[in-house]
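Here is how names work: the chains are called A, B, and so on, in the same order as the sequence lines, proteins then strands, and each is numbered from 1.
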2 protein chains.
Amino acid sequence: MKIGEASELSGLPTKTIRYYEDIGLVRSDRRDNGYRDYGEAEIHKLRFIQRSRGLGFTVEQCRTLLSLYNDPDRSSADVRALAENHLEEIERKIQELAGMRSTLSQLVSSCHGDHRPDCPILNDLAGSG
Amino acid sequence: MKIGEASELSGLPTKTIRYYEDIGLVRSDRRDNGYRDYGEAEIHKLRFIQRSRGLGFTVEQCRTLLSLYNDPDRSSADVRALAENHLEEIERKIQELAGMRSTLSQLVSSCHGDHRPDCPILNDLAGSG
DNA sequence: CTTAGCCTTCCACTCACAGGAAGGTTATGG
DNA sequence: CCATAACCTTCCTGTGAGTGGAAGGCTAAG
């Protein structure tokens, strides 16, 4: 199967699949004409990565997850630890964004938003609040 | 005042201040020895940027905010529109992260996390769920 | 025979800096 | 007078995770 079909089946852009090959995350066979050729196993791998990325794991974490997936002697504790770390990271980001949202929504609602130049948002950013 | 003190007063690393100068966001005078020299006005500007960045505005949005701040004929509606757009962006990111958190925390709690290789997290990523 | 739609490689760009090398300046201490 | 430390300068490279585009090869259909 050519890269276009692999793209459709995996949900990843062809550019991204080539990039993953560049960084050694996946591989591909080649046909005589130089085209990449994918089998079921690689598609499976690509979908695995697509799902992992969709949960916000970094590409390096995906690499680790893949190697854990392919290691029959892994312990589920290792996988869980990785996922827990990532979950904490997500939690941290949400907290940070929630703080911004809180401040910003206050500022937005305190700004009348008309043709006049007076603006509490700018006043706050300027430190006069 | 030299860049080190400007850094302390603004809360921005010296590297960042030089970068902002590179991209034309701020400026600085120079002493005879080539050192950057900052006055009150530039410090004020740096703090303005620091606060704006802290609320998650992009550097380009900071540039716009600064020019609005310096424009006596601005309308507060323009500022508010910018802030509202940004607020929506933040909301979107929070939603995305919350979705990840939801899925991930379910997966983490369904994984026993011991020495055995069987792992619901990997099973899910592999699409067998 | 040409056109469209695939595919290839390679290079540059994104964003917002951070790290580090190589070297100049200045304050302090002996 | 000299050494040393703590500043400062410019310039180059790297980050993460791709995206965009150029220049060119392959192939099926009309």
Asks: Against Glu21(B), only a single residue in Lys15(B), Arg36(B), Lys45(B) fulfils salt bridge (charged side-chain N to carboxylate O under 4.0 Å, His left out); can you say which?
Replies: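 So, applying the salt bridge (charged side-chain N to carboxylate O under 4.0 Å, His left out) to Glu21(B) and each of Lys15(B), Arg36(B), Lys45(B), only Arg36(B) qualifies.
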
Asks: Is there side-chain contact between Arg80(A) and Cys119(B), with heavy atoms separated by less than 4.5 Å?
Replies: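 No - every pair of side-chain heavy atoms lies 4.5 Å or more apart.
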
Asks: Without decimals, in angstroms, what is the distance between Lys2(A) NZ and dG5(C) C1'?
Replies: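 Between C1' of dG5(C) and NZ of Lys2(A): 9 Å.
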
Asks: Tell me: CD1 of Ile49(A) to C1' of dA17(D), nearest whole Å?
Replies: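 Checked: the CD1 to C1' distance equals 13 Å.
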
Asks: Under 3.5 Å, is there any donor-acceptor pair linking the side chain of Tyr35(B) to the base of dG24(C)?
Replies: yes

Asks: Side chains of Ser7(A) and Thr14(A): does their closest heavy-atom pair fall under 4.5 Å?
Replies: yes

Asks: Measure the distance from CD1 on Ile17(B) to P on dC7(D) and round it to the nearest whole Å.
Replies: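 Answer to the nearest Å: 14 Å.
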
Asks: Taking CD from Glu21(A) and P from dG18(D), how many angstroms apart are they, rounded to a whole number?
Replies: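 Rounded to the whole Å, the gap is 15 Å.
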
Asks: To the side chain of Tyr20(A), which of dC8(D), dG18(D), dT26(C) is closest?
Replies: dG18(D)

Asks: Rounding to a whole Å, what distance do you find between Asp22(A):CG and dT9(C):P?
Replies: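 After rounding, the gap between these two atoms is 8 Å.
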
Asks: After noting the C-alpha distance and the side-chain angles of Tyr35(B) and Ile3(B), does the key distance pass the side-chain contact (heavy atoms from CB on, under 4.5 Å) rule?
Replies: CA-CA 8 Å; Tyr35(B) 286 16; Ile3(B) 198 172; over 6 Å; no

Asks: Salt bridge or not for Asp118(A) and Arg116(A), using N-O below 4.0 Å?
Replies: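 Salt bridge between Asp118(A) and Arg116(A), a charged N being under 4.0 Å from a carboxylate O: no.
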
Asks: In whole Å, what is the span from the CD atom of Glu8(A) to the P atom of dG5(C)?
Replies: 15 Å

Asks: Looking at the side chain of Arg53(B), which of dC26(D), dA16(C), dC8(D) is the nearest nucleotide?
Replies: dA16(C)

Asks: Does dC15(C) have OP1 or OP2 under 4.0 Å away from a side-chain N or O of Arg63(B)?
Replies: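 False: Arg63(B) side-chain N/O out of range (4.0 Å or more) of dC15(C) OP1/OP2.
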
Asks: When the distance from OH of Tyr19(A) to P of dT19(D) is rounded to whole Å, what number comes out?
Replies: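 To the nearest whole Å, that distance equals 10 Å.
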
Asks: Which of these nucleotides, dC26(D), dT25(C), dT9(D), is closest to any side-chain atom of Ile3(B)?
Replies: dT9(D)

Asks: Let me know the distance between CZ of Arg36(A) and C1' of dC26(D), rounded to the nearest Å.
Replies: 15 Å

Asks: Please check: side-chain N/O of Ser105(B) versus main-chain N/O of Arg101(B), any donor-acceptor pairing under 3.5 Å?
Replies: yes

Asks: Please determine, for the side chain of Thr58(B), which listed nucleotide (dA16(C), dA17(D), dT27(D)) has the closest atom?
Replies: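 Output: dA16(C).
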
Asks: Look for any protein N or O under 3.5 Å of an N or O in nucleotides 18-22 of chain C and output each such pair with its distance, or none.
Replies:
| from | atom 1 | to | atom 2 | distance (Å) |
| --- | --- | --- | --- | --- |
| dA18(C) | OP2 | Thr16(B) | OG1 | 2.9 |
| dG19(C) | N7 | Lys15(B) | NZ | 3.0 |
| dG19(C) | O6 | Lys15(B) | NZ | 3.1 |
| dG20(C) | O6 | Lys15(B) | NZ | 2.3 |

Asks: Hey, which of these two, Asn33(B) or Glu60(B), hits DNA chain C nearer its 5' end, going by closest nucleotide?
Replies: Glu60(B)

Asks: Answer with base, sugar-phosphate or nothing: what part of the nucleic acid does Arg31(B) contact at a heavy-atom distance below 4.0 Å?
Replies: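 No contact at all - Arg31(B) keeps every heavy atom at 4.0 Å or more from the nucleic acid.
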
Asks: Taking the side chain as C-beta and beyond, is there a heavy-atom pair between His112(B) and Ser76(A) under 4.5 Å?
Replies: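 The answer is yes; the side chains approach within 4.5 Å.
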
